[in-house]
Amino acid sequence: MKKFAFPLLTGALFAAPLIALNYLAARLFDWPFGPYALFNWMVRVLPGGLITFGIDAMIDTLRLLGFSVAEAAKTAERGMAVLLFFTALTLSGALLTLLVSGLQSRPGGSRRSTTPEAARPAEPAAPRRAEVQSLSRRQFLITLGAASAVITVIGSGVGAALARAEQRRREEEYLAEIGQTNVQLPNLNDPVVPAPGTRPEYTPLQDHYKVFLNTEPTVIDGQNYRLPITGLVDNPLSLSLDDIRSNYTSFDQFVTLSCISGRIATSLISTTQWTGVSLQDVLADAGPQPAAKYLYIESGDGFYETIPLDLIQSDPRIMLCYAWDGRDLPVDHGYPLRVWIPDRYGMKQPKWITRMELISEDRDGYWVERGWSKTAQVRTTSVIDTVAVEAVDESGPRPTIPIGGIAWAGDRQISQVEVRVDGGEWQPARLRTPLSETTWVVWRFDWPFTAGQHTFEVRCAEGDGTPQIEERNPTRPDGATGIHRVEAEV
Ligand SMILES: Nc1nc2c(c(=O)[nH]1)N[C@H]1C(S)=C(S)[C@@H](COP(=O)(O)O)O[C@H]1N2
Ligand SMILES: [Mo]
């Protein structure tokens, strides 16, 4: 056993800096990275059953260790590739060392000691051959170890710094792509970078979808604006825009809004930041009477809706909103005031509000009267935005094609997104930390691809694990359900 320690150590001390230098060169000059190349090649030539077994074993181990599989799988795969390559290099190095030292200690090498000079009495202080060898071996190992450590640390350190710089560049690119915003996005450092072609996570304001009854948006004069709050209240109010902005605590909320009339993968869905005050605070000032059970809201364009008072009083997030994306509400989106109710489709959320009245009897809203859902609760959905065939990613052990999109469950959050190719196994996608608990989640799946024509499907589960409804349902009356499917040629 001891016989192999020296060659193995020598092999390892050569292997580590070689891999580090290779990593650096891969970052600097786009060289292939040996560990990934080897891994990739093995995956291709080894029998499929063995690969599946290996991947399953890895996933089971990750689960056992309590890792999120989707997040950790790629890191584990990379680690395995490096370890494998390191082992292979170390063994090759050890073999080479054995061969070289074998050559040096061949009998021919020591025959000289039988020449006449050697017949002289041995100098007593001369160390025996084995000692010389172990001394110089130790010297050799120390020197090699030091050099190896220095090169490994510097090579992998600089390589990692370059990789981080690349990540930062991508972030900046991402910010440039989503356009100008006054708003600080909380998740710019998220490691899950959207697949190229994924819609912007934060919708540029001018691209936010628009829906209104009339042919033109309604224009309201904000300067002379007053919001009357009347009906079953002790203290009827008439609030100016300034009253609302300065007399109540305002807050911001990243919000995804969608129209109930959108089909699966609709473009009638967008995300921006909403600013306003809690509707329950404002109503408290009006002093609702015990008989008051509903809030009736009327808009400048003839639209109207009713919200149960107990819903408003139980959910402080329900917002009387005066700003989007850090500026006054755009005219198209309801200037000067609109309402936000979490987890409801847009049809329950009036824009261009002109008056509010507390009433005792329920009254159906504009679209409810026309056959749409009474509650209009958001139905969980997931969408494939892109199969980025032009963006093959060779930075990992196996070349992959990024697939990406969004998933949204109103305010119920998304715990899992899965992708399936050609009706095969459902595989977990990685989830980007969303802007808030009420926005869509951007997901990404790096697919180790095969060429040809393929079908891609996506499904998701809510925060508590409830799966999205896979069965197809039309938009009317409750909102569409079903699995989004796309075809792509790779
Ligand atoms: N006053 C008024 N509010 C309204 C509507 C409307 O036509 N008039 N449309 C509703 C519907 S159906 C939707 S989907 C959302 C759309 O809001 P957006 O145009 O700001 O995206 O507004 C809702 N609020
Ligand atoms: Mo809508």
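Order of listing sets the numbers, starting from 1, for every ligand and every atom in it.
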Looking only at atom types and distance, does a side-chain atom of Q280 sit under 3.5 Å from a main-chain N or O of Q313, one as donor and one as acceptor?
-> yes
D315 side chain to R317 backbone, donor-acceptor under 3.5 Å = yes
Under 4.0 Å, heavy atoms only, figure out whether ligand 1 is touched by the backbone of I260, its side chain, both or neither.
-> neither
Could you see which bit of W352 sits under 4.0 Å from ligand 1, with heavy atoms only: side chain, backbone, both or neither?
-> side chain
Below the 3.5 angstrom mark, is there an N/O of [X], backbone or side chain, next to an N/O of ligand 1?
X	answer
S299	yes
Q349	yes
L213	yes

Just checking, is any N or O donor in the side chain of [X] or [Y] under 3.5 Å from an acceptor N or O on the other one?
X	Y	value
S395	D393	yes
T438	D411	no
T272	D325	no

Test ring pair (Phe, Tyr, Trp, His ring centres under 6.0 Å) applied to Y23 and W31, F33, Y36, the passing residue = F33
Would you indicate which of K210, R338, H208, H333 comes nearest to atom 17 (O) of ligand 1 when only heavy atoms are counted?
-> R338
Winner among V211, D301, L329 once heavy atoms are compared against atom 12 (S) of ligand 1 = V211
Among I384, T271, I414, V383, find the residue that satisfies the side-chain contact (heavy atoms from CB on, under 4.5 Å) test when tested with I406.
-> V383
Ring centroid separation for Y345 and W372, is it under 6.0 angstrom?
-> no
Which ligand 1 atoms, with their elements, are less than 4.0 angstrom from a heavy-atom of [X]?
X	result
P350	3 (N), 24 (N)
L257	17 (O), 21 (O)
C259	14 (S)

Look at ligand 1 and say whether W324 reaches it with a heavy atom at a distance under 4.0 Å.
-> yes
Kindly give the heavy-atom pair with the smallest separation between G197 and D385, and that separation in Å.
-> O-CB, 3.9 Å
To the nearest 0.1 Å, how far is [atom] from its closest protein heavy atom, and which atom is that?
atom	answer
atom 23 (C) of ligand 1	G346 O, 3.1 Å
atom 14 (S) of ligand 1	Y209 OH, 3.2 Å
atom 3 (N) of ligand 1	K351 N, 2.9 Å

